[in-house]
Amino acid sequence: LIPSFAFVALLVLRFAVGMMQSVLMPGVSAAAAQVFEANERGNKTATVYAFYSLGTVLGLSLSPHISHYIGWWGLFSLYGTVGILSGIAGWLLLTSKGKLNSNRLTKTESRVTDISGLYMDILSTIHRNGPLLLLLCWTHGVIGFGFFVLQSWIPFLLHACMNYKPGGNELNTIGLWSALPWLLTALVASLSGALSEYLETYKGWPTLGIRRVMQISSSLGAFIFLCPLVLYSDHIASFTAVTLLSLAVAFQGFSYPGFHSYVQDVAPSNAGVV
């Protein structure tokens with residue numbers, strides 16, 4: 001069957017969103033490594049991602065209402081316009097504040113000045129620290145695998161949950177329930193970031209110890225809340241399943257002051273590349 005124009009357009013739009021989002025994580029990591037003090041990285045990195053989750057909450061909550069008045073094509077156009085304007089504003093602000101990018105870098109860490117130098121630096125880093133880089137890549141892969149598997153479960157379980165509620169298939173209700181995991185993620189990210197800075201600044205915990213505790217909490221929390229879904233899948237109510245899934249997603253927030261900040265600690269000049 002030939003795909004409809006609307007479906008093809010949706011695929012193209014989703015591809016464009018993915019391309020634009022691909023700069024988010026390396027951009028945040030590189031900026032945090034270069035601008036923030038070591039004891040601030042966990043908190044401020046988590047805060048950035050908390051606002052990212054809040055943006056998702058806002059979009060999921062408002063989209064059904066906005067589309068009711070201007071349609072889905074109008075909604076895509078509106079969000080696209082806001083995104084383009086925000087990107088231009090960010091580019092202008094980053095350009096005007098460019099001097100900040102090197103404030104936290106030592107002379108050695110600032111040695112990469114062009115593309116060829118960047119790739120030579122990456123090859124040299126891999127040669128010297130191959131096992132560590134492989135371990136970082138593996139850890140990030142595990143985080144990403146779990147995160148996107150959880151994401152793929154959300155629409156399915158929400159659909160099942162909505163069938164238990166009168167009028168539950170309305171887009172407005174589904175939008176609100178879809179926003180719940182990301183609202184909890186923003187909350188957990190904010191709390192874990194603040195906790196990491198408190199432990200390091202006021203309690204004297206070592207940075208590496210804090211990163212380990214946060215990352216273990218992220219993985220362990222997701223594991224704990226997913227276990228009932230796996231072990232009792234035939235006997236668990238859909239509403240309870242959505243709640244457990246939302247909590248499992250929320251614990252990903254601990255990885256921001258954990259793994260993500262750890263990369264900034266050990267590879268500040270190449271945090272974005274790693």
Side-chain angles (χ1 to χ4, degrees), residues 21 24-57 104 129 131-151 154 180-227 229 243-274:
Q21 285 184 327
L24 172 72
M25 191 169 291
V28 170
S29 190
Q34 296 174 16
V35 176
F36 303 144
E37 298 286 358
N39 65 319
E40 299 176 331
R41 286 173 183 162
N43 189 13
K44 293 191 174 178
T45 299
T47 300
V48 171
Y49 283 110
F51 273 84
Y52 175 64
S53 295
L54 287 176
T56 305
V57 171
R104 305 298 184 190
N129 304 303
L132 175 60
L133 283 176
L134 288 175
L135 181 60
L136 289 175
C137 291
W138 169 256
T139 304
H140 197 198
V142 171
I143 295 172
F145 178 79
F147 181 73
F148 288 108
V149 166
L150 290 173
Q151 273 197 315
I154 289 173
L180 177 62
W182 312 116
L183 180 61
L184 293 176
T185 300
L187 178 63
V188 171
S190 300
L191 293 176
S192 62
L195 179 60
S196 69
E197 185 171 350
Y198 172 78
L199 291 175
E200 185 167 2
T201 304
Y202 298 102
K203 294 299 182 179
W205 281 36
T207 301
L208 179 58
I210 294 172
R211 304 291 184 246
R212 284 173 172 164
V213 168
M214 294 297 165
Q215 188 53 45
I216 289 172
S217 299
S218 174
S219 301
L220 190 60
F223 168 77
I224 290 172
F225 288 110
L226 286 178
C227 272
L229 292 176
T243 302
L244 291 172
L245 182 62
S246 298
L247 291 170
V249 173
F251 267 80
Q252 295 286 322
F254 277 98
S255 68
Y256 303 137
F259 170 82
H260 294 289
S261 297
Y262 175 72
V263 172
Q264 300 161 20
D265 295 333
V266 300
S269 62
N270 284 329
V273 176
V274 174

Fill in: Residues Q252 and Y49: side-chain donor-acceptor under 3.5 angstrom
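Not at all, the side chains of Q252 and Y49 share no donor-acceptor pair under 3.5 Å.
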Say you draw a straight line from [atom1] of [X] to [atom2] of [Y]; how long is it, rounded to the nearest 0.5 Å?
X	Y	atom1	atom2	answer
T47	E40	OG1	CD	10.5 Å
I224	S217	CD1	OG	9.5 Å
L136	Y262	CG	OH	6.0 Å
L180	L184	CG	CG	4.5 Å
F251	L226	CZ	CG	11.0 Å
S218	F254	OG	CZ	8.0 Å

Checking [X] side chain against [Y] main chain: does a donor-acceptor pair fall under 3.5 Å?
X	Y	result
S261	Y256	yes
T45	G42	no
S255	Q215	no
T185	P181	yes

If every non-hydrogen atom of [X] is compared with every non-hydrogen atom of [Y], which pair is closest and at what distance?
X	Y	result
A50	A186	O-CB, 3.4 Å
V57	L183	CG2-N, 3.3 Å
V28	Q264	O-NE2, 4.5 Å
A38	R211	O-NH2, 3.6 Å
N39	E197	O-CG, 3.4 Å
N43	S190	OD1-O, 4.4 Å

Discussion item. Determine whether Y52 and M25 satisfy the following criterion, side-chain contact (heavy atoms from CB on, under 4.5 Å), listing intermediate values before the conclusion.
Written reply: CA-CA 11 Å; Y52 175 64; M25 191 169 291; over 6 Å; no
